[in-house]
Participant: 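Dumping the structure here so I can ask a few things about it.
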2 protein chains.
Amino acid sequence: MDSFPEIAKNSETIIRMPTVRRLPRYLRLLIELKSEGKDFVSSEKIAQALDLKPIVVRKDLAFTGNCGKPRLGYSIEHLIISIENVINFRGKDTAFLAGVGNLGSALLGYKGFEKYGLNIAAAFDLDKEKVNKTVHNKDVYPLEMLPVLAARLHPYIGILCVPEESAQEVVEKMVSCGIKGIWNFSNKELKVPADVVLQNEDLAAGLAVLSISIDKKSKAPVQ
Amino acid sequence: MDSFPEIAKNSETIIRMPTVRRLPRYLRLLIELKSEGKDFVSSEKIAQALDLKPIVVRKDLAFTGNCGKPRLGYSIEHLIISIENVINFRGKDTAFLAGVGNLGSALLGYKGFEKYGLNIAAAFDLDKEKVNKTVHNKDVYPLEMLPVLAARLHPYIGILCVPEESAQEVVEKMVSCGIKGIWNFSNKELKVPADVVLQNEDLAAGLAVLSISIDKKSKAPVQ
DNA sequence: TAGATTGTTAATCGATTAACAATC
DNA sequence: TAGATTGTTAATCGATTAACAATC
């Protein structure tokens, strides 16, 4: 943890989305390997564990600025730190969540966010019945309180789990409070200002891929 | 609904994943337009609504086998049917869900699956305390009951929301009961036989993309 | 007919893969 | 040194974009 390779914080590196989406998978594996007491791992081993090709692993890991050692592989500890830095999974970033329905409540109770460096500091709802309670130990406030709490807690991510009808309105409230990224679990197509990042999570997209893949496989059993 | 264009059920069409992932977005928009009484829509209009380029829309829609009419655009009703057919969102496909924790419960209560042609017919859990109850009106059975209920209900998709430790074991049970697709919400890297489709949903992947995009945007404000 | 909009063909861009030289 | 494993450079593949002819 003391001697530490120069991280290529080369801010001009291009974001390659497929690589970024794989980084959390490497991270989980590396943390597991570390807990088993391992110090180094090769791209070949990582590839086997994650069902990838070794060259993909090497290309992806190069993107984190970390260097492997010929014959040894990659330092697990250094890689973990590099990946966490690149995708910002270290530290505690503050998020607000809006919409404490089924999905919103589940996310409030999701333990994994701690590992991802995300702290849901407060939750909000328009429904008077859901408000002024706690869900999974998180306080749920009326939406009107958003500006006051934002001024105090400085959230930078807004997690959106409200029904489609109110999604745009809630996003605008979040944006006007200085939130810089919207993680959208509603299926509403949202408009955000150019300086705000919108990340849509679409359950139906995954299901569509699954359905069509099953279809293809059953129709073309020889491959 | 009577006169209906020949659908190119050309089974040799290649699956283009980015296209497939966008199809549910077109579908939602088209259903909305239909409810507004519209009959035709142009690729330009669709592109505006979904923040895409018109050429992307035309290429994607061509993939559904549907033809647009020059000067008129696409028949909304026909397109809806074509898209639903391609991604198998018509009819009622049976799914089993395993793991009735926070996320599993939320999915059991998710109304949208009806629209996606997915019917969660039964839920399962290893925890004796969670079993023999109903969650959002779905029966929760002990995992041992899976084979019996599978023989009766013929599920073809298994939705996996169990903790990582038991994920592989549960998947194997599902596969041995004839399930052809696994929708994996756990973060476990699963092994499945070659004839079974695995679709991983990784929350951390979306969060990583969001985080890194916010970073980039704040560091490169001129674009 | 003129004009709007589609669908096709070719060009560009980006991601994956292959080949191999560099390194410990 | 020999051998394993990395990182680089070039080739391939697939998706997006551009240009434009076809169509109503």
Side-chain angles (χ1 to χ4, degrees), chain A residues 5-8 10 12-23 25-26 30 33 38-76 78-79 82 205 208-209 212-213 216, chain B residues 3 5-8 10 12-23 25-26 30 33 38-76 78-79 82-83 205 208-209 212-213 216:
Chain A
E6 241 63 69
I7 290 177
N10 181 355
E12 285 319 309
T13 322
I14 324 111
I15 309 176
R16 293 170 51 208
M17 288 310 166
T19 293
V20 173
R21 296 187 65 88
R22 284 188 291 265
L23 291 178
R25 297 177 62 199
Y26 298 121
L30 292 162
L33 293 173
K38 305 239 172 64
D39 288 324
F40 286 86
V41 64
S42 70
S43 58
E44 177 71 42
K45 282 273 165 53
I46 295 175
Q48 276 167 20
L50 304 186
D51 199 20
L52 301 169
K53 301 194 173 164
I55 182 66
V56 172
V57 175
R58 290 204 295 279
K59 272 272 158 83
D60 284 347
L61 296 187
F63 174 77
T64 70
N66 218 289
C67 295
K69 297 202 176 101
R71 275 187 66 76
L72 259 179
Y74 297 84
S75 156
I76 290 172
H78 285 168
L79 255 192
S82 300
V209 170
I212 216 166
S213 303
K216 283 283 161 185
Chain B
S3 84
E6 243 63 67
I7 289 177
N10 181 355
E12 285 320 308
T13 323
I14 324 111
I15 309 175
R16 292 171 51 208
M17 289 309 165
T19 293
V20 173
R21 295 188 65 87
R22 284 188 291 264
L23 290 178
R25 298 176 62 199
Y26 298 122
L30 292 163
L33 292 172
K38 306 239 172 66
D39 288 325
F40 286 86
V41 65
S42 69
S43 58
E44 176 70 43
K45 280 273 164 55
I46 295 175
Q48 277 167 19
L50 303 186
D51 199 21
L52 300 169
K53 302 195 173 163
I55 182 65
V56 171
V57 175
R58 291 204 295 279
K59 273 274 157 80
D60 284 347
L61 296 187
F63 174 78
T64 70
N66 218 292
C67 295
K69 295 200 177 102
R71 274 191 65 77
L72 259 179
Y74 297 84
S75 156
I76 290 171
H78 286 167
L79 255 191
S82 300
I83 294 177
V209 170
I212 217 167
S213 303
K216 282 284 160 183

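Throughout, a chain's letter reflects where its sequence line sits, starting with A, and its residues are numbered from 1.
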Participant: Over how many whole Å does the gap from Leu79(A) atom CG to dT6(D) atom P extend?
Facilitator: 11 Å
Participant: Rounded to the nearest angstrom, tell me the gap between atom CG in Asp60(A) and atom C1' in dT16(C).
Facilitator: 10 Å
Participant: Would you mind telling me which of Thr64(A), Thr19(A), Val41(A), Ile46(A) makes a side chain to side chain contact (heavy atoms under 4.5 Å, CB included) with Tyr26(A)?
Facilitator: Ile46(A)
Participant: Measure CZ/Phe63(B) against C1'/dT16(D) and give the value in whole Å, please.
Facilitator: 16 Å
Participant: Give, for atom CG of Leu79(B) and atom CZ of Phe40(B), the distance between the pair rounded to the nearest 0.5 Å.
Facilitator: 10.0 Å
Participant: Could you run through nucleotides 18-24 of chain D and give me one letter per nucleotide, 5' to 3': B if any protein heavy atom sits under 4.0 Å from the base, S if only the sugar-phosphate is that close, - if neither?
Facilitator: B----BB
Participant: Hey, could you give me the OG/CZ distance between Ser82(A) and Phe63(A), rounded to the nearest 0.5 Å?
Facilitator: 12.0 Å
Participant: Check for a donor-acceptor pair, side chain of Arg25(A) on one end and backbone N or O of Leu50(A) on the other, with a separation under 3.5 Å.
Facilitator: yes
Participant: Write down the distance between CZ (Arg16(B)) and P (dT16(C)), rounded to a whole number of angstrom.
Facilitator: 16 Å
Participant: Name all pairs fulfilling the side chain to side chain donor-acceptor pair (under 3.5 Å) condition that reach into residues 67-76 of chain A, sequence neighbours left out, sorted by first residue then second.
Facilitator: none
Participant: With Arg58(A), which residues qualify under salt bridge (charged side-chain N to carboxylate O under 4.0 Å, His left out), at least two apart?
Facilitator: none
Participant: Any chance you could measure Arg16(A), atom CZ, to Leu23(A), atom CG, to the nearest 0.5 Å?
Facilitator: 10.0 Å
Participant: Sub-3.5 Å donor-acceptor pair from the side chain of Asn66(B) to the main-chain atoms of Leu61(B), do we have one?
Facilitator: no
Participant: Contacts to DNA chain C from residues 38-51 of chain A, heavy-atom cutoff under 4.0 Å, which residues?
Facilitator: none
Participant: Suppose the criterion is salt bridge (Lys or Arg N to Asp or Glu O under 4.0 Å): which pairs have a residue in residues 45-56 of chain A, not counting sequence neighbours?
Facilitator: none
Participant: Would you work out how much the helix from dG3(C)-dC24(D) to dC24(C)-dG3(D) bends between its ends, with each end axis defined by five base pairs, to 10 degrees?
Facilitator: 0°
Participant: Rounded to the Å, how far apart are Arg21(A) CZ and dT16(C) C1'?
Facilitator: 17 Å
Participant: Please report the interatomic distance CG(Leu33(B)) to CD1(Ile76(B)), rounded to the nearest 0.5 Å.
Facilitator: 4.5 Å
Participant: Return the CG to NZ distance between Leu52(B) and Lys59(B), rounded to the nearest 0.5 Å.
Facilitator: 14.5 Å
